[in-house]
Peer 1: 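First the structure, which I've put down as structure tokens, then a few questions once you've had a look.
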Amino acid sequence: MGQKVLNMRKIVVTDTTKNKVKAWLDKLSTPNKKMDNMPICPFIGKYRNRIHIAQTTKPEFLANNFAHMKDVFRFEAVVAFGFWMSYDKMDKMITALNKKLAHKDTICLMMHPDGDESVLPVDYQFELPILIIQRLSTLNKARKQLEKTKYYKHYKY
């Protein structure tokens, strides 16, 4: 059956696995008709071999470690899954991490099943949140490149 995630006296049964997260990333990197045949995340393909998928019950700890170790392991990003956190608590954690880690070229983005609005034109398919930890400089360069295209007419960030 699924795996159990224990966090703050809350047990969540999930069928989210590393392979399912990988398949989701692959889906985000393929051309999408809703995006004028652009991928939802056009740069995943370029950096795929430098994006690590990690199961964790301590996403904040992982984000801090990414900031310190990304250059050692040449990571562009880490996609963290396997934890439960309420939308509001995760939003506060992301805000605090981004203030703390921006000077270390690190930004955190969240996807949550309880989110009000999807920034991606794709259904969120997991019952648990996902934390995306990545290099801020790479994200900023990608945004500048994409501003020269029709990409942002489809995407809200």
Peer 1: Cut-off 3.5 Å, no hydrogens considered: what does the side-chain donor-acceptor table look like for residues 35-54, sequence neighbours left out?
Peer 2:
from  : atom 1 : to     : atom 2 : distance (Å)
Asp36 : OD2    : Lys153 : NZ     : 3.2
Asp36 : OD2    : His154 : NE2    : 2.8
Arg48 : NH1    : Ile51  : O      : 3.1
Arg50 : NE     : Arg74  : O      : 3.1
Arg50 : NH2    : Glu76  : OE2    : 2.7

Peer 1: What heavy-atom pair brings Gln55 and Gly82 nearest, and what distance separates the two atoms?
Peer 2: CG-CA, 4.2 Å
Peer 1: Has Thr106 got a side-chain atom pairing as donor or acceptor with Lys104's backbone, closer than 3.5 angstrom?
Peer 2: yes
Peer 1: By side chain to side chain contact (heavy atoms under 4.5 Å, CB included), which residues pair with Asn65, not counting sequence neighbours?
Peer 2: Phe61
Peer 1: Classify the angle between the aromatic ring planes of His112 and Tyr87 as parallel (below 30°), tilted (30 to 60°) or perpendicular (above 60°).
Peer 2: perpendicular
Peer 1: Can a donor-acceptor pair be found, under 3.5 Å and without considering hydrogens, that links the side chain of Asn64 to the backbone of Glu60?
Peer 2: yes
Peer 1: If you measure from CG on Asn140 to CD1 on Ile107, what distance do you get to the nearest 0.5 Å?
Peer 2: 7.0 Å
Peer 1: Hey, which of Phe126, Trp24, Phe81 is the one that makes side chain to side chain contact (heavy atoms under 4.5 Å, CB included) with Met111?
Peer 2: Trp24
Peer 1: Got a sec, which residues hit side-chain hydrogen bond (donor to acceptor under 3.5 Å, both in side chains) with Lys18, two or more places apart in sequence or on another chain?
Peer 2: none
Peer 1: Which atom names give the shortest non-hydrogen contact between Leu62 and Ala80, and what distance separates them?
Peer 2: CD2-CB, 3.5 Å
Peer 1: Could you list the residues that satisfy side-chain hydrogen bond (donor to acceptor under 3.5 Å, both in side chains) with Ser137, not counting sequence neighbours?
Peer 2: Asp105
Peer 1: Tell me every residue that passes side chain to side chain contact (heavy atoms under 4.5 Å, CB included) with Lys141, counting only those two or more places apart in sequence or in another chain.
Peer 2: none
Peer 1: Decide, yes or no, whether a salt bridge links Lys22 with Asp26 under the criterion of side-chain N to carboxylate O below 4.0 Å.
Peer 2: yes
Peer 1: Give me each pair satisfying salt bridge (charged side-chain N to carboxylate O under 4.0 Å, His left out) with a member in residues 61-72, each pair once, sequence neighbours excluded.
Peer 2: Asp71-Arg135
Peer 1: Indicate the atoms forming the closest heavy-atom contact of Leu136 with Ala102, along with that distance.
Peer 2: CD2-O, 4.1 Å
